[in-house]
There are 2 protein chains.
Amino acid sequence: MRRDVFQAIADPTRREILNMIAYKPLNVNAVAENFEVSRTAIYKHMKILIECGLVDVKQQGRERFCEAKLEGLSEVSEWVEQYRILWTSKLDALENYLKIIQTKNNKQNKIQKKQAPKISPIK
Amino acid sequence: MRRDVFQAIADPTRREILNMIAYKPLNVNAVAENFEVSRTAIYKHMKILIECGLVDVKQQGRERFCEAKLEGLSEVSEWVEQYRILWTSKLDALENYLKIIQTKNNKQNKIQKKQAPKISPIK
DNA sequence: ATAATATGAAACCTTTTGGTTGCAAACATA
DNA sequence: TATGTTTGCAACCAAAAGGTTTCATATTAT
C-alpha cells in the first residue's frame, strides 16, 4: 500500500476535499454533503489524506474536524521546482529558434517537406 | 481512463523516468535498462507520460527518442502554490503561539491533562 | 431512557493499474 | 538476403483503487 503525497493528490476528489477544508476544518459528513458519492467513500479518501499527513483530525465531542496540513505539499513543490529551470530554459531556446526561422523565411521562402515515418505513432 | 498530469506523476517509476530523460532524450530500451521491470512495462509508463503531454517522441531511424516536456508540470506547480500562503501563514501562527506559550510557562508552570477520546482514532 | 446523529470499519464488488510473455512489423547491418 | 534490433501491441494476470451496503458504537438531544 503506497501512501505518499504524490499518490494522495493524484485523485481529483481528494484534491477537492483538500480545497474544501483548506480554509476551515470540517467533519467528514459536512465534506461528504458536497459530493455525489457516499460518506464512506469520502471517509476512505480522508483516511488516505490523514495517513500521508495532509490532514489532521481534531476531536470535538462526537465530531471530528478534519484540518488541512498543507505543508506536506512542499514535497511536491520541491520536486516540481527542480525542473522549472529546465522547462523555462527550453522555452527560451524555442523562442530564439523561432526568431531565427522567421528571419530566414523573410530572406528565402523554402519549405522542406519531411517524409512521414512508416511506423505507426504511439496512440 | 483518467489521464492527467497529477495521475502521471503519482507513480514513482514514472517520476524516475522523467528524471532520466529530463536532460537527455532516450529511447525506451535505454530507459528500460535502468529498471528491474520489463521493457513493455516501461513502454506503458512512457505511453501514459506521452498521453498527458509530459513526453514527446522524436523518430530517428528505427529509434524513437523520448524527450521530456516538463512545462506540463506547471499545472501541478500552480495547484500547489495556491496553497503556499496558507501553510506558511499557519506555520507563522504556530510560531507565535509557541512564543506565547513559552512566556506563559516561564511565569506559571501549570499543566492541563487532556482526557483521551474514547472513539478509536483513524488508523 | 429513547431516539437521532456522527463515526469507523467490515464485507463485498467492479474497474483500473502495473506487470508479464509472446509475436509481428519496421529498420539496420553482416 | 538473412539476421539481429527496436518497437508497438495483444492477451493475460494479480493486486490496488474506488465505490457500495451494512452494522456496531459513541455522543448528543428530546
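All values reported here derive from a predicted model rather than from experimental measurement.
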From CG of A:Leu49 across to P of D:dA17 the rounded distance in Å is 13 Å
Write down the distance between CZ (A:Phe65) and P (D:dT27), rounded to a whole number of angstrom. 15 Å
To the nearest angstrom, how far is B:Glu51 atom CD from C:dT17 atom P? 11 Å
In whole Å, what is the span from the CD atom of B:Gln59 to the C1' atom of C:dA25? 13 Å
Give a yes/no on whether any side-chain N or O of B:Tyr43 is located under 4.0 angstrom from OP1 or OP2 of D:dC9. yes
Need to verify one output field. Residue with the more 5' nearest nucleotide on DNA chain C, B:Glu63 or B:Ile48? B:Ile48
Quick one: side chain to side chain contact (heavy atoms under 4.5 Å, CB included) partners of A:Asn34, sequence neighbours excluded? A:Met20
Supply the atom-to-atom distance B:Thr13 OG1 to B:His45 NE2, rounded to the nearest 0.5 angstrom. 4.5 Å
All heavy atoms of A:Ala10 vs all of B:Ala10, minimum pair found to be CB-CB, 3.6 Å
Expressed as a whole number of angstroms, how long is the span from B:Met46:CE to D:dC9:P? 14 Å
Mind checking side chain to side chain contact (heavy atoms under 4.5 Å, CB included) for A:Arg84 and listing every partner two or more places apart, or none if nothing turns up? A:Glu81, A:Trp87, A:Thr88, B:Ser77
Using 0.5 Å steps for rounding, measure from the CD1 atom of B:Ile21 to the CG atom of B:Asp56. 10.0 Å
To the nearest Å, how far apart are A:Asn29 CG and C:dG8 P? 10 Å
B:Arg39 CZ to B:Met46 CE distance, which is reported to the nearest 0.5 Å: 11.5 Å
If you measure from CD on B:Glu67 to CD1 on B:Ile50, what distance do you get to the nearest 0.5 Å? 11.5 Å
Do any N or O atoms of the protein come closer than 3.5 Å to N or O atoms of nucleotides 19-24 of chain C, and which pairs are they?
from	atom 1	to	atom 2	distance (Å)
C:dG19	OP2	B:His45	NE2	2.3
C:dG19	N7	B:Lys44	NZ	3.1
C:dG19	O6	B:Lys44	NZ	2.3
C:dT20	OP1	B:Ser38	N	3.3
C:dT20	OP2	B:Ser38	N	2.9
C:dT20	OP2	B:Ser38	OG	2.3

For residues 54-82 of chain A, the ring-ring contact (aromatic ring centres under 6.0 Å, His included) pairs (sequence neighbours left out) are A:Phe6-A:Trp79, A:Trp79-A:Tyr83
B:Leu54 meets the side chain to side chain contact (heavy atoms under 4.5 Å, CB included) criterion, sequence neighbours left out, with B:Val5, B:Ala8, B:Ile9, B:Leu18, B:Leu49, B:Cys52, B:Leu73
Between atom CD in B:Gln7 and atom P in D:dA16, what is the gap in whole Å? 17 Å
With a cut-off of less than 4.0 Å, is there a side-chain N or O of B:Asn27 near OP1 or OP2 of D:dT7? yes
Under 3.5 Å, which protein N or O atoms sit close to an N or O of nucleotides 28-30 of chain C? Give each pair with its distance.
from	atom 1	to	atom 2	distance (Å)
C:dA28	O4'	B:Arg62	NH1	3.4
C:dA28	O4'	B:Arg62	NH2	3.4

Whole angstrom value for the distance that separates P of C:dT5 from CG of A:Leu26: 19 Å
